[in-house]
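The following block contains the structure, expressed as structure tokens.
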Protein chains: 2
Amino acid sequence: MITMTSSAVHTPRGPVTRKDVARYAGVSTAVVSYVVNGGPKKVAPATEAKVQDAIRILGYRPNAAARALKMGSNQTLGLVIPDSSNPFWALLGHAVEVAAAERGYALLLTNSDNKLESERRHIRNLAARQVDGVVLASVMFEPDLLELVGAEIPSVLLNHASIAPGFNSVGVDLEAGARLAVEHLIGHGHTNIGLAMGITADNEADGREEGWRRALEAAGLPVGPLARGGFDRPGGYAAGQQLLAADNRPTAIFASSDMQAIGVLRAIREAGLSVPEDIAVASFDGSVEAEYSWPALTTVEQPVWEMAEAAVSALVGENRNEPPQHRVFPTQLRIRQSCGCP
Amino acid sequence: MITMTSSAVHTPRGPVTRKDVARYAGVSTAVVSYVVNGGPKKVAPATEAKVQDAIRILGYRPNAAARALKMGSNQTLGLVIPDSSNPFWALLGHAVEVAAAERGYALLLTNSDNKLESERRHIRNLAARQVDGVVLASVMFEPDLLELVGAEIPSVLLNHASIAPGFNSVGVDLEAGARLAVEHLIGHGHTNIGLAMGITADNEADGREEGWRRALEAAGLPVGPLARGGFDRPGGYAAGQQLLAADNRPTAIFASSDMQAIGVLRAIREAGLSVPEDIAVASFDGSVEAEYSWPALTTVEQPVWEMAEAAVSALVGENRNEPPQHRVFPTQLRIRQSCGCP
DNA sequence: CACTGGGATCTACTCGAGTCAACAAAAAGC
DNA sequence: GCTTTTTGTTGACTCGAGTAGATCCCAGTG
């Protein structure tokens with residue numbers, strides 16, 4: 001065996017690099033790379049063993065930044081959601097993470113806290129970090145995408161019906177979903193159905209409002225009272241109180257998110273009324289919360305896992321450079337007790 | 001103005017680099033760096049303006065990988081949590097993200113799905129990516145930290161009472177918190193208090209079980225029935241059913257997490273009993289869910305934001321190389337209705 | 001015995017940005 | 001008017017890994 005200065009071998013100050021491994025194994029740096037990546041050139045079994053040993057003994061870890069620089073990709077995606085404390089977004093984040101991980105990508109998660117300024121900042125940050133793709137669940141109906149375009153980063157708009165030209169999008173048919181729920185409430189005999197609607201940063205009405213309206217019109221019913229608030233529990237609570245205080249208090253309420261519905265339930269309880277006897281409730285999202293609330297919520301379920309899968313697959317792999325796609329997933333009404341079903 | 005080949009200026013194929021900016025502005029690459037980073041050397045105002053213009057016009061974005069390579073840091077932290085669909089972890093993730101962002105760090109979020117193998121894989125992956133620090137909320141009582149040690153990555157164990165030598169940790173006093181809740185139930189006159197306890201991957205009992213036991217002993221009460229299940233809603237539901245079926249059915253139940261408690265509530269309702277009249281409930285975590293459940297849960301609140309702040313600050317900044325700290329935060333009993341209070 | 005073929009390995013350049021030593025030019029001092 | 005200082009700018013080297021092209025060596029062939 002070749003003698004070496006013990007300082008070089010036993011006390012590799014700082015992180016171990018490819019060079020250290022090469023020296024220790026008595027080969028060139030190229031061979032180390034070939035062994036680590038299994039290519040692009042063959043390495044003799046004996047040499048490979050030497051290198052593997054050296055790697056193990058020295059505790060070598062390839063520098064990800066260097067690889068990213070050379071390869072032009074850091075195998076990372078960015079996700080921007082309004083608020084990961086909202087179970088629906090939390091689940092979606094989870095699903096996107098899994099879909100990304102399956103393809104060897106890690107996920108940078110950012111919360112915009114429902115604030116436009118914050119969303120912009122995060123997008124800028126992700127662009128600066130040159131992630132390989134961004135999944136954006138915007139607080140806006142018409143998100144600001146200039147930064148992403150400028151950085152030439154593939155992006156997917158999530159849960160958006162708006163079709164931004166040149167951008168991929170995946171979402172559900174909000175209008176059809178809402179209609180499903182409202183029609184179900186109508187089926188229970190309700191004629192005065194209110195809407196607790198969430199608000200986006202740019203105050204654009206989304207398909208859920210339209211669906212509610214359409215369902216009522218189609219059934220020849222008058223449009224019930226409408227209250228706006230955040231998509232979260234407090235927002236639903238406030239909207240619920242508003243609806244209960246309306247002149248024509250509705251006998252059923254459709255909420256634009258499960259979280260809102262949970263706030264609505266609270267408002268109803270505090271008013272001394274009960275669900276579904278006095279007021280029936282249905283909502284949108286299909287999060288786990290809905291199943292365990294009291295009473296369990298009848299809700300329009302979004303295929304979160306499929307959506308996450310579609311979003312990620314549009315960003316990576318062979319689809320990267322294909323023309324942008326707009327995938328709209330169908331929703332499904334999950335019937336539980338809050339609507340009046342047994 | 002100097003004439004240039006239009007191809008170089010107007011059609012910068014591929015991403016724009018520092019060199020392109022330098023050429024366009026008619027300066028050296030060093031100056032571009034100085035302008036971008038505001039140092040380390042001064043640049044004449046006129047030159048700076050030229051460079052800024054060039055940057056704007058060409059749409060230059062510094063390559064993060066190159067910077068990371070040179071600087072030895074990618075300004076990124078990793079977070080490993082059991083399950084971001086669990087609102088407590090979701091909130092914690094959110095808090096860690098904010099704390100990291102405040103210091104200019106981005107957050108790689110990973111879910112271990114309560115599986116040890118998955119946790120290991122994520123840790124290995126984060127180590128390979130050479131994040132600047134890892135916040136680990138392990139599924140294990142005694143997590144496997146070799147990978148992190150080997151990669152010399154600063155780490156913080158989260159929500160862990162176990163004091164792993166050489167590692168930072170931040171958590172709450174589980175035992176004291178549990179005692180708080182159980183003592184409160186005792187104060188309501190209950191003498192048979194059951195426990196719905198979560199299970200970790202290595203089946204180690206944590207402080208919450210001990211706190212429950214101690215509180216009962218201190219009051220001279222017999223130890224009530226105990227059921228184990230996951231920390232999530234289904235786990236609590238199962239544990240709740242078990243407790244209700246016990247010979248000595250408890251009149252009060254302490255659950256080791258809010259999610260479990262929500263499952264317990266469901267089990268109780270399905271048994272035709274009501275909370276808190278027939279059975280009182282208290283739990284641990286202090287998540288938003290607890291506030292909006294029915295009835296609202298009396299719960300032991302963890303100072304999530306402070307914990308996240310402490311975890312991140314132990315990883316970055318001047319604390320990086322200080323001896324590991326073990327910060328234990330106090331909990332606070334948030335009294336609502338599930339315990340029997342009005 | 002010289003000669004080719006091919007497998008194994010090495011040398012050297014590249015990715016893009018940070019920054020220091022060296023240098024030029026302008027300002028200040030005497 | 002000639003040094004000194006200051007200010008502004010630059011060339012060149014560095015970080016660590018991927019890999020094309022050159023080189024080396026040995027078995028097999030004519």
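Protein chains get the first letters and strands the later ones, always in sequence-line order, with residue 1 at the start of each. Just so it is clear, the structure is predicted and the values come from calculations on it, not from any experiment.
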Are A/N37 and D/dA17 close enough that a side-chain N or O sits under 4.0 Å from OP1 or OP2?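 No, outside the criterion.
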Would you indicate, yes or no, if C/dG16 has its OP1 or OP2 atom less than 4.0 angstrom from a side-chain nitrogen or oxygen of B/R67? no
Under-4.0 Å side-chain N/O to phosphate OP1/OP2 contact, A/S28 with C/dT9: no
Toward the 5' end of DNA chain C, which comes first, A/K42 or A/A30, by nearest nucleotide?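 Comparing both residues, the 5'-ward one is A/K42.
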Tell me whether the centres of the aromatic rings in A/H94 and A/W89 are closer together than 6.0 Å. no
Estimate the overall bend of the helix from C/dC1-D/dG30 to C/dC30-D/dG1 from the end axes over five pairs each, rounded to 10 degrees. 60°
Nucleotide of C/dA22, C/dC10, D/dG16 approaching A/K41 most closely (side-chain heavy atoms):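 Comparing C/dA22, C/dC10, D/dG16 against the side chain of A/K41, the answer is C/dC10.
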Across the strands shown, which category fits B/V36 at heavy-atom distances under 4.0 angstrom: base, sugar-phosphate, nothing?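 Result for B/V36 = nothing.
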Does OP1 or OP2 of D/dA17 have a side-chain N or O of A/Y60 closer than 4.0 Å? yes
When only distance counts, do a donor and an acceptor, one from the side chain of A/R61 and one from the base of D/dG16, lie under 3.5 Å apart?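 Result: no qualifying N/O pair found.
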Please confirm whether the shortest side-chain N or O distance from A/T47 to OP1 or OP2 of C/dT9 is below 4.0 Å.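 So the side chain of A/T47 is within the cut-off, an N or O lying under 4.0 Å from OP1 or OP2 of C/dT9.
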Select one nucleotide: of C/dA8, D/dC15, D/dA22, the one nearest the side-chain heavy atoms of B/L69. D/dC15
Would you say C/dG18 has OP1 or OP2 under 4.0 Å from some side-chain N or O of B/S33?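 For B/S33, the contact criterion (side-chain N or O under 4.0 Å from OP1 or OP2 of C/dG18) is met.
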